[in-house]
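Working notes for the structure below.
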Amino acid sequence: MMAQKKFHMGWFLNFTVDEWTEPHAGLGGNPWNGKFYVEVGQMLEKACFDYMMIEDKLIVSEAYGGTSEVYLKHGLMAPKHDPVPLATTVGVMTQKLGVVATISTLGYPPYLLARACSTIDSLVEGRFGWNIVTSAEDFAAQNFGMEKLPPREQRYEMADEYVDLVNQLFDSWDKDAVVLDRESRTYVDYKKVRPIHFKGKYYSCRGPLNTVPSPQHRPVYVQAGGSPRGRDFAAKHADSIIAVANGVQEMKAYREDIRARAAKHGRNPDDVKVLYLISPTVGATTAEAKEKFRRIVEHPDYIEQSLALISFITDIDFAQFDLDKPLPGKLTTNGESGSLDKFQQWGSGKTLRQLCVDEAGGAVSSIELVDSYANVAERMADAMAEVGGDGYLITSPSHRVSRRYVSDICEGVIPILQRRGVVRTEYTGKTLRETLREF
Ligand SMILES: Cc1cc2nc3c(=O)[nH]c(=O)nc-3n(C[C@H](O)[C@H](O)[C@H](O)COP(=O)(O)O)c2cc1C
C-alpha cells in the first residue's frame with residue numbers, strides 16, 4: 001500500500017474566557033494575562049502543529065434577541081481581547097509554531113497593518129500569519145465610522161485592493177536593502193527602498209514602509225472565504241484557507257474548486273493549504289466520548305448559546321424562530337454564508353433544536369467526530385485520504401478551550417496520527433511558509 005501523504009494541523013482559537021463554569025475549570029475565567037494561551041501554544045508545538053490561528057471580532061453583539069445580554073452573561077464572543085499582542089507573545093514563547101492573528105481590513109489602515117505584520121514577523125523570526133478578514137457585522141462598521149457594512153461583493157473588492165497595497169508596501173524594500181556595512185557606515189542602501197504612490201478606488205498610500213524586510217518578507221496569509229467571491233479572493237492571496245464543509249464530498253469539492261481558482265490566478269495550487277475545521281469530542285472509549293457529547297448538548301445553557309453564536313456570525317436573530325419547527329425558509333446573510341449554510345442544513349426538515357444539537361458536532365465541524373482517541377484518529381486520516389489534503393484546524397466545542405481539551409487532542413489523538421505517519425513528527429522548516437510548504 002502506498003504511504004498516505006502527510007497532512008497539516010492547525011488550531012483555531014478564540015481569545016475569550018476559558019471553560020470557566022465547568023467542574024474542571026482550572027483558570028476560573030481569567031485568561032487575560034495570556035499565560036494559559038502561551039501554554040496552549042507550547043502544547044501545540046510539542047505536538048508539531050503548523051500554526052495557532054486566533055480569530056477575532058470587533059463588537060459586543062446584540063444579534064440574538066436584540067440585546068447583548070446573552071453574550072455578556074455567558075462571556076460568549078465577548079469579552080474578546082486583541083489577538084495581535086497574544087499571537088506575538090505566543091510566538092516569542094515558542095520556537096517553531098506558526099502564530100496567526102486575525103486583523104480586519106475594515107479597522108486597520110493598510111500602512112499600519114503592513115507595519116505591524118512586518119514588525120511581528122521579525123519578532124517571531126518568520127512565523128507570523130495574518131488572517132485576512134473584512135468584518136461581517138454592521139456593528140463593526142459602526143465602530144469604524146460607517147453606518148452599514150458594505151455588501152459582500154464590495155467588501156471583497158475593497159479587500160483585493162487593500163492586499164495589493166499591502167503587498168506593494170512589503171515590496172517597497174528589496175530583500176537585500178539592509179547592507180549593514182561598517183566600512184562605509186551604511187545601514188540601508190537607500191536605492192533599494194522606494195515609495196509606492198498607491199492610488200486606488202478605496203485606498204491610497206505613499207510608502208515606503210519604515211520597517212526592515214522581515215524573515216518571510218510578507219507574513220503568511222490565511223483567509224476563510226465561503227462564497228464564490230470569497231473563494232476567489234482566498235485562492236488569489238492565501239497561503240492557507242480555513243474552511244467549513246459538510247462532510248467528505250463537500251470538503252473534496254471545495255478543495256478542488258480552490259485549487260482550480262488558484263491555478264487560474266497563475267499560482268501553484270500546492271501553495272494553498274486548505275485546512276478544515278473540526279471539533280472532535282474524544283474519550284478513552286466510544287461510550288466516554290458519547291457521554292461527554294451528551295453532557296455538552298444537554299447543558300441547560302446549550303441551546304441558547306448555540307443560537308446566540310449562529311446569530312452573531314450571521315447577523316440574523318435566531319430568537320425569532322420556533323425551536324421545535326424547521327426554519328421557515330432558506331436564510332441568507334451578508335455575514336458568514338458558509339457557516340449559515342452548514343448550520344441550516346436546508347432541505348433536511350430538522351427542527352431548529354435538532355440543528356443546534358448537530359452543531360455540537362458542530363456548526364464548525366466538517367466531519368462528525370465523537371468517538372475514542374483511536375477511532376477519531378482513524379476517521380481523520382481516512383477522510384483526509386479521500387479529500388486529498390491538506391489538513392485540519394481543531395476548534396473546541398462551543399468556543400471554550402481548556403487544558404484538558406487541548407491535552408485530549410495533543411496527547412490523545414495526535415500521537416496515534418503520528419504513529420500512522422500521516423502528520424508531522426518534527427519541524428524541518430524555519431518559517432511558517434516553509435512549514436506549510438514542506439508537504
Ligand atoms: C471558519 C470561519 C472563520 C472565520 N473567522 C473570522 C474571524 O475571526 N473574524 C472575522 O471578522 N470574520 C471571520 N470569518 C468571516 C469571513 O472572513 C468572511 O468575512 C465571511 O465568511 C463572509 O464571506 P464569505 O461569505 O465569502 O464566507 C470567518 C469565517 C469562517 C467560515
Side-chain angles (χ1 to χ4, degrees), residues 10-16 51-61 63 77-78 80-84 86-87 100-108 113 129-144 149-160 162-163 221-238 240-246 250-251 254 257-258 261 274-279 309-310 312-316 331-344 359 362-366 391-397 399:
W11 194 288
F12 184 93
L13 193 90
N14 312 81
F15 193 1
T16 49
Y51 62 80
M52 169 198 276
M53 138 73 207
I54 312 167
E55 63 88 48
D56 197 28
K57 295 282 178 181
L58 297 158
I59 62 171
V60 174
S61 183
M77 300 295 270
K80 176 163 293 178
H81 283 202
D82 194 317
V84 176
L86 181 63
V100 180
T102 300
I103 316 176
S104 172
T105 56
L106 193 74
Y108 266 68
L113 177 130
W130 168 32
N131 177 33
I132 309 173
V133 301
T134 59
S135 291
E137 310 84 18
D138 284 336
F139 276 19
Q142 287 158 21
N143 282 340
F144 299 105
L149 198 65
R152 175 183 291 105
E153 294 290 315
Q154 191 186 348
R155 291 207 308 277
Y156 277 121
E157 189 191 1
M158 292 169 77
D160 253 328
Y162 190 113
V163 176
Y221 291 160
V222 175
Q223 218 272 333
S227 64
R229 182 65 181 87
R231 292 175 183 208
D232 207 56
F233 178 84
K236 180 173 170 194
H237 300 290
S240 182
I241 296 179
I242 298 172
V244 267
N246 222 340
E250 264 191 32
M251 289 162 76
Y254 180 91
D257 182 56
I258 290 288
R261 288 175 195 268
V274 181
L275 269 49
Y276 292 92
L277 274 166
I278 52 169
S279 192
L309 269 178
I310 192 74
F312 187 121
I313 62 177
T314 59
D315 252 350
I316 295 169
L331 304 171
T332 58
T333 177
N334 191 21
E336 291 182 21
S337 54
S339 305
L340 175 64
D341 288 344
K342 168 112 178 50
F343 176 81
Q344 68 181 334
E359 186 196 54
V364 288
S365 200
S366 302
Y392 295 107
L393 272 168
I394 304 276
T395 182
S396 48
H399 294 211

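Keep in mind that this is a model prediction, so the values were computed, not measured. Scope of the values below: all heavy atoms of this structure, side chains included, with no hydrogens, waters or symmetry mates. Just follow the structure's listing: the first ligand is 1, and inside any ligand the first atom is 1.
- Near Ile242, with a cut-off below 4.0 Å to any heavy atom, the atoms of ligand 1 are 1 (C).
- The shortest N or O to N or O distance between Val244 and ligand 1 is not under 3.5 Å.
- Distance alone, capped at 3.5 Å, places no donor-acceptor pair between the Thr314 side chain and the Gly335 backbone.
- Distances shorter than 4.0 angstrom occur between a heavy atom of Tyr156 and an atom of ligand 1.
- A donor-acceptor distance shorter than 3.5 angstrom exists from the side chain of Gln344 to the backbone of Leu331, with no hydrogens or angles considered.
- With 3.5 Å as the limit, one finds a donor-acceptor pair spanning the side chains of Ser135 and Ser104.
- The atoms of ligand 1 that sit less than 4.0 Å from any heavy atom of Ser339 are 31 (C).
- Looking at Val222 and Ile242, their side chains come closer than 4.5 Å, going by heavy atoms from C-beta outward.
- In summary, the atoms of ligand 1 found under 4.0 Å from a heavy atom of Thr102, numbered by their order in the structure, are 7 (C), 8 (O), 9 (N).
- Interface of Leu277 with ligand 1, defined as ligand atoms under 4.0 Å from a residue heavy atom, comprises 1 (C).
- Under 4.0 Å from ligand 1, not a single heavy atom of Arg231 appears.
- Compare Arg229, Glu336, Met53, Glu55 by their heavy atoms: the one nearest to atom 13 (C) of ligand 1 is in Glu336.
- Applying the 4.0 Å criterion to heavy atoms of Ser227 picks out, from ligand 1, the atoms 24 (P), 25 (O), 26 (O), 27 (O).
- Ring geometry for Trp130 against Tyr162 counts as tilted: the plane angle lies between 30° and 60°, on a 0 to 90° scale.
- The shortest N or O to N or O distance between Ser337 and ligand 1 is below 3.5 Å.
- For the pair Arg155 (side chain) and Pro150 (backbone), a donor-acceptor distance under 3.5 Å is present.
- Atoms of ligand 1 found under 4.0 Å from any heavy atom of Ser135 (numbered from 1 in listed order, with element): 11 (O).
- Contact check for Met158 versus Thr134: no side-chain heavy atoms found under the 4.5 Å cut-off.
- Residues Ser240 and Tyr51 have side chains that bring a donor and an acceptor to within less than 3.5 angstrom of each other.
- Ligand 1 has a nitrogen or oxygen under 3.5 angstrom from a nitrogen or oxygen of Asp56.
- Judged by the shortest distance from any of its heavy atoms, Gly335 lies inside the 4.0 Å radius around the atoms of ligand 1.
- Remark: Asp232 does not engage Lys236 in a salt bridge, criterion side-chain N to carboxylate O under 4.0 Å.
- With distances taken over non-hydrogen atoms, the option nearest atom 11 (O) of ligand 1 out of Val133, Leu340, Thr134, Thr333 is Val133.
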